[in-house]
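Here is the naming used below: chain letters follow the sequence lines, and residue numbers restart at 1 for every chain. Everything numeric here is computed off the predicted structure, so don't read it as measured data.
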Amino acid sequence: MSIDKEESVKKLFTAESAKVDTNKGDTFYDDLYLQCQKRIEDLRKLEPLNNRMDFTQSIEDQGLERRDFLKWASATTAMLMLPASFTPLVAEAAVLMNRVPVVWVELSDCAGNSEALLRSDGPQIDEIILDIISLEFHETLQAASGHQAEKQMDEAMEHFHGKYLLFVEGAIPLGMNGQYGTIGAKAETFVDHLHRAAEGAAAVVAVGSCATFGGIPAAAPNPTDAVGVMDVVKGKPIINIPACPANPSNMVGVILHFVLTGSIPELDSLLRPK
Amino acid sequence: MKKLQIKQLIEKIEGEAELDFTFSNGKIEDAKINFGFYRGIEEILQGKDPRDALVITPRVCGICNHAHLIAAVRAIENGYENSGVKVELSSKAKDIREFTLACELIQNHVKWLYMTMLPQLEKYLHQESEENYAIKGTYLSSIITKALAIFAGQWPHSSYAIPGGVTCDPTHLDVMQVQSLLNESITFFEQVMTGMTLDTYLEIDSVSTLHKIEGDFGKLLYLMGSNEMAEIGQSHDRFIVFGDSMLSRSGKSIVTTLSKVESKYVQEAEQEGTLAKAVTYKQKLYEVGPLARGMVAKTPIVKNLHKRYKDSLLTRVFARVHEVALLLNHSQRLLERLVLDEPSCVLDANIPLYEFEGTGIVEAARGSLIHKTTVSGGKISQYEIITPTQWNLSHGNQEEQGIAIEAMVGATSIEEATFIFRAFDVCSVCTTQ
């Protein structure tokens with residue numbers, strides 16, 4: 001690595017944007033607490049989506065105790081950089097996660113992030129949560145396939161317009177007018193597919209190295225002219241969760257933050273949660 | 001005669017595939033398998049350091065990434081040997097690589113059983129149960145990949161195998177942890193999948209004793225058997241295995257005749273309308289995968305099933321799930337004989353070799369995976385990846401239809417055909433790269 005590059009990398013990671021203010025004062029947290037409380041009350045009034053499992057039921061099924069769950073909740077509170085007093089709210093938010101719709105699309109990918117989401121070390125709470133979040137559409141994990149699946153996706157996008165979180169796995173090939181990647185019976189290109197799915201999303205979460213920065217498909221000489229989500233989607237909040245594969249805990253963190261506050265977490269200059 | 005063309009999109013595989021069926025008199029006469037997806041991994045590898053393949057090629061596929069890593073490392077080692085550098089791995093490195101590969105195969109087969117076959121079969125037969133198969137499938141696959149990750153650091157996309165060995169240097173404590181995870185997996189196999197001990201299961205060698213299998217595998221076999229699935233899904237009855245592995249030696253099996261194979265007779269060709277290339281061996285199409293390994297290795301129960309039901313849907317599905325038992329059993333032996341005080345890696349990090357050609361072959365979950373690397377001036381000048389799914393899903397040639405297509409011909413509905421298709425454990429991301 002040349003000196004120039006070394007310097008620029010150093011700059012990137014020590015940039016002001018990467019620093020986190022972990023103590024924003026009592027007034028800030030008191031207001032936030034009330035805001036979160038109100039949001040959770042609103043969510044509780046909603047019915048769980050799509051017959052999702054009841055969270056308390058599924059932790060019992062997995063042989064986990066309430067105590068383990070609360071331990072997890074306090075660790076997650078710390079991960080979200082909130083004071084310990086928020087722990088009961090985080091626990092509450094986890095139980096209400098089946099009220100927030102999620103649509104997951106796969107583009108130029110290897111499905112590795114979906115595999116990571118299914119795997120991870122043993123049946124832990126993070127994974128159970130990923131089991132009960134309202135995954136409205138996920139082409140690898142859902143039961144429906146073919147035209148039925150396409151219909152399901154269209155319905156989810158229409159029904160939850162403006163409310164769903166869109167998770168994107170894989171890069172977007174722009175070369176040859178996007179013809180390096182097509183999806184569905186109408187051979188919609190990945191880039192059109194992404195635009196259509198992003199249009200009604202509350203926020204877009206790019207998962208894994210490919211979706212965030214282009215990853216392996218974008219490696220030199222970038223044969224398909226692949227780019228990350230943030231180079232394609234404009235005018236929507238974008239959250240990048242890099243790493244190959246991305247860590248499921250971070251995916252859960254973003255969803256929880258959204259459930260809790262109705263907004264996306266604070267981001268650094270590369271749009272990663274701080 | 002009325003011909004009807006129908007397009008069908010297949011999901012719940014790795015990536016996505018499109019099938020175009022031609023029906024004639026209510027039966028499928030022909031099918032085209034298309035993948036509208038391309039990343040250009042082989043092109044990306046050109047001009048890079050040969051060892052970059054260890055990081056880049058696993059990313060071809062999220063579910064068989066480990067097989068890609070092992071194929072890539074073997075291709076480099078083979079290239080070194082072709083240029084006169086002796087590469088003699090320690091038995092420790094060999095056993096660890098074999099163990100982690102076994103773990104990947106197990107998680108793959110189990111996910112396929114629980115997340116594809118069981119739910120799709122119930123849907124097809126309109127006998128949907130309340131079972132949460134996804135939870136069962138992820139239970140075993142997360143345990144076994146955890147065991148894998150103790151050696152390999154992470155899964156998916158580890159790069160722990162390097163020319164000359166592996167990067168890990170496990171302690172007895174690590175091995176004990178792996179052992180306990182493996183035991184937990186075996187317990188799941190015994191109590192949930194088959195309802196019998198692993199040893200009793202492995203004694204099953206005749207078709208008449210298959211009914212003893214209980215659990216979810218028993219349920220699958222029962223549903224398939226009682227719905228005439230032993231009579232459908234037959235293909236060309238030609239099998240090929242390139243890699244010598246714990247499951248089988250290399251070889252090919254035509255009807256029942258076994259013979260030797262050499263990877264130099266493998267040819268790749270572009271196909272119209274899809275970004276996936278077709279492969280043949282001496283211009284002939286062959287089926288790869290667990291059924292091929294069972295046939296070449298002459299696994300008694302697979303041979304007996306084949307004798308009665310040929311290469312039918314039932315035989316193909318059985319052979320894949322059966323490998324889980326063989327792999328669990330073999331993994332136990334591997335851990336028992338693991339010698340920890342041997343070196344993990346026998347080569348220097350930098351070997352001054354700038355021109356070489358090597359081939360790496362590995363038996364992955366879906367069949368033989370081949371990597372070929374050509375290095376000149378210290379950089380990759382050409383890299384070829386031939387994946388198992390390319391064998392099974394090719395369009396075919398003038399003389400005959402592709403393996404999976406032939407298996408689907410004669411099916412009377414799209415649902416029947418797509419179920420036969422899924423029995424090949426289709427992976428589109430590997431096929432198109």
Report summary line: residues 218-226 of chain A vs chain B, non-hydrogen distance cutoff under 4.5 Å, contacting residues -> A:Ala219, A:Ala220, A:Pro221, A:Pro223, A:Thr224
Report task. Kindly say whether A:Cys244 contributes a backbone atom to a donor-acceptor pair with the side chain of B:Gln154 at under 3.5 angstrom? Result -> yes
Query - Crowding at CE, A:Met176 (>12 non-hydrogen neighbours, <6.0 Å) - result: yes
Query raised in the report: So which part of B:Ile44 gets closer than 4.5 Å to some heavy atom of chain A, the side chain, the backbone, both or neither?
Result: both
Report task. State which residues pass salt bridge (Lys or Arg N to Asp or Glu O under 4.0 Å) with B:Asp49; sequence neighbours excluded, sorted by chain then number. Result -> B:Arg51
Query raised in the report: What closest approach, in Å, do B:Arg59 and A:Cys110 show between heavy atoms, and which atom pair accounts for it?
Result: O-CB, 3.2 Å
Query raised in the report: Can you tell me how far the CD atom of A:Gln179 sits from the CZ atom of B:Phe37, to the nearest 0.5 Å?
Result: 14.5 Å
Query raised in the report: Does A:Asp154 have any salt bridge (Lys or Arg N to Asp or Glu O under 4.0 Å) partners at least two apart in sequence or in another chain, and if so, which?
Result: A:Arg196
**Report entry** salt bridge (Lys or Arg N to Asp or Glu O under 4.0 Å) against B:Asp216, all qualifying residues, sequence neighbours excluded
**Finding:** B:Lys136
